[in-house]
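I have placed the structure first, in the form of structure tokens, so that the comments after it can refer back to it.
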Amino acid sequence: MLRTLLFNKIFYLVKTRLELLCWSAALILLFLMPVNIGEQSLCVFRFIGFNSCPGCGLGHAIHSVLHLQFGQSFHEHIFGIPAVLIILNRIKHLSFSKKIIAYEI
């Protein structure tokens, strides 16, 4: 009985705070990602065969911003700093919002 109540409470929190969890996890993973590894890429355009796309380097730029290397971030992608500011603003908004949105899973 207690286990079911605990599971339901955790499931409700995850369901209502899913976007907050995703953005927070994304920033943590981008902070911890290894950037010195050769040509690893998750870019769909690289898998297709293109050499670059408008978003290439954005993950590295966000990584550099999170490590306070703003010059390197600007070198990687021009929108790295604005992207981090937008994501942090969204996390702040979701954290302190009175209205809770529950997504259907």
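Predicted model, so just to flag it, every value in this text is computed and none were measured.
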Taking it one step at a time, do Leu85 and Asn89 satisfy side chain to side chain contact (heavy atoms under 4.5 Å, CB included)?
CA-CA 6 Å; Leu85 293 175; Asn89 185 36; over 6 Å; no

Can you tell me how far apart CD (Gln69) and CD (Glu76) are? Round to the nearest 0.5 Å.
10.0 Å

Do Ile86 and Leu29 sit in the same hydrophobic cluster, where Ile, Leu, Val, Met, Phe, Trp and Tyr count as joined when their side-chain heavy atoms come under 4.5 Å apart?
no

Does Ile62 form a side chain to side chain contact (heavy atoms under 4.5 Å, CB included) with Ile81? I'd like the steps, not just the answer.
CA-CA 7 Å; Ile62 291 173; Ile81 296 170; over 6 Å; no

Would a distance-only check, ignoring hydrogens and angles, find a side-chain to backbone donor-acceptor pair under 3.5 Å from Ser24 to Leu20?
yes

What distance do Ile87 atom CD1 and Cys22 atom SG have between them, rounded to the nearest 0.5 Å?
12.0 Å

How about His67: does its NE2 atom have over 12 heavy atoms from other parts shown lying under 6.0 Å from it?
yes

Drop me the distance from Gln72's CD to Ser64's OG, to the nearest 0.5 angstrom.
5.0 Å

Give me the atom names and distance for the closest heavy-atom approach of Leu58 to His77.
CD1-ND1, 3.8 Å

Is the ring pair Phe31/His63 parallel, tilted or perpendicular, if the boundaries are 30 and 60 degrees?
tilted

When every non-hydrogen atom of Gly80 is compared with those of Ser73, the smallest separation belongs to CA-OG, 4.1 Å

Heavy-atom distance under 4.5 Å between the side chains of Leu30 and Val84, does that happen here?
no

